[in-house]
Protein chains: 2
Amino acid sequence: MPSASRKKLTQQMELFNYSCRAAGLKITHQRTLIYRELLQQPDHPTAEALHKRIVREVPSISLDTVYRTLATLEQHGLVNRIQTAESQARFEAVIAPHHHLICSCCKKVLDVEWPEFDHIELPENVRNWGTINSKNAVMYGTCTACAST
Amino acid sequence: MPSASRKKLTQQMELFNYSCRAAGLKITHQRTLIYRELLQQPDHPTAEALHKRIVREVPSISLDTVYRTLATLEQHGLVNRIQTAESQARFEAVIAPHHHLICSCCKKVLDVEWPEFDHIELPENVRNWGTINSKNAVMYGTCTACAST
DNA sequence: TTGACTGCAAACGATTTGCAATTGC
DNA sequence: GCAATTGCAAATCGTTTGCAGTCAA
């Protein structure tokens, strides 16, 4: 790993530790492993995929803990759960607002920024509905890799 | 039911029959019931909710059939599956492009039109990713009903 | 020390599936 | 009549939970 990204990772982990303390969460070995792995994986892994990777380093970690940790971190806004039409949920570390591009074929999820979307006004009738906390765009299609096969 | 909407329903059911035939799907009593119920329910029911309602009319229909039918209709683009962070999937008859407003509290899903969104250009980097078939916006918030309690 | 966290195993709930009977075309 | 579809029951799969031991603070 280039030293620049290693440094960034360290910073993000420090922020994670800080957020945990602020939320009253203990900083356990497992939580650290899970969050670090999530930061390093750009591919929105499922709980199972995450577990498989971490087990290589720490064979004793259990899948339940991965699930439980992700749920806890999600509750505290440190992790996002992405529900697609697939059976399994996917996760990502919360970094910056962005949107998702999902390949209907291989189910891979790609992050995209879309400032034009972030800035447009909400539809009118939303106002009397209540308060919006977040809005998100999801695009479905076929990626070039799948299209070429 | 006012006669106008009854007439509309009949039209939609005729379209359904037509689409089934076009897709090579047999028009069974159960499929008709399920699709009609879905058309009449504006609240994006879950498979179970749908089943509960239909059982009143036809006690012999099984939950499996509801699941199977929804999956079949979804494959043929007659029904949309809406996956939220909830455990259960919700369904809607495909009518016109629209977007979703989800209350984080009561989990109810409301349809909204949002032509401004439909018309904005896709983010740039999407073009080299592949082909987009559809795009959809989801907004999360708290509805006034939940906020007032 | 002490309550939060973990691993284990068992439970859970939504959805799917194999099979024999039934039904639409 | 034949293939598609259904109902039934059992299986599956992702995820959650109870409990006793362990660990961070």
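To find a chain, count down the sequence lines: A is the first, B the second, and so on, and within it residues start at 1. Note that the structure is a prediction, hence the values are computed from the model and not measured.
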Is it the case that the side chains of [Y] and [X] hold a donor-acceptor pair, with the cut-off being a distance below 3.5 Å and no angle test?
X	Y	answer
A/Asn80	A/His44	no
B/Ser62	B/Thr65	yes
A/Glu92	A/His100	yes

Could you state the [atom1]-[atom2] distance from [X] to [N], rounded to the nearest angstrom?
X	N	atom1	atom2	answer
B/Leu70	C/dA14	CG	P	15 Å
A/His29	C/dG7	NE2	C1'	15 Å
A/Gln75	C/dA4	CD	P	14 Å
A/Arg68	C/dC12	CZ	P	16 Å
A/Leu73	C/dA4	CG	C1'	14 Å

May I ask you to test the [X]-[Y] pair for a side-chain heavy-atom distance under 4.5 Å?
X	Y	answer
B/Tyr35	B/Val79	yes
A/Pro45	A/Arg53	yes
A/Cys143	A/Cys106	yes

5'-most by nearest nucleotide on DNA chain C - B/Gln83 or B/Thr28: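 Between the two, 5'-proximity favours B/Gln83.
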[X] side-chain N/O to [Y] backbone N/O, donor-acceptor pair under 3.5 Å:
X	Y	result
A/His119	A/Pro115	yes
A/His51	A/Ala49	no
B/Thr69	B/Arg31	no

Distance to the ring centre below 6.0 angstrom and angle to the axis at most 45 degrees; does that hold for A/Lys135 and B/Phe117?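 Because its charged atom misses either the 6.0 Å distance or the 45° angle limit, A/Lys135 does not stack over B/Phe117.
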Give B/Ala71 one of three labels, base, sugar-phosphate or nothing, depending on what nucleic acid heavy atoms sit under 4.0 Å from its own.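 The residue B/Ala71 makes no contact with any strand.
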At the 4.0 Å heavy-atom cut-off to chain B, mark where contacts on DNA chain D begin and end, going 5' to 3'.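 Span of nucleotides near chain B: D/dA3 to D/dA9.
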DNA chain C contacts among residues 17-27 of chain A, heavy-atom distance under 4.0 Å: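 Heavy-atom cutoff 4.0 Å gives A/Leu25, A/Lys26.
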Near-strand residues of residues 46-64 of chain A, defined as heavy-atom separation under 4.0 angstrom from DNA chain C: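 Residues of residues 46-64 of chain A under 4.0 Å from DNA chain C: A/Ser60, A/Ile61, A/Ser62, A/Asp64.
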Answer yes or no: does a side-chain N or O of A/Gln30 lie under 4.0 Å from OP1 or OP2 of C/dG7?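 Yes, A/Gln30 has a side-chain N/O under 4.0 Å of OP1/OP2 on C/dG7.
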Are B/Tyr67 and B/Leu73 connected in a single hydrophobic cluster, I mean Ile/Leu/Val/Met/Phe/Trp/Tyr linked by side-chain heavy atoms less than 4.5 Å apart?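 Per the 4.5 Å side-chain linkage, B/Leu73 and B/Tyr67 are not co-clustered.
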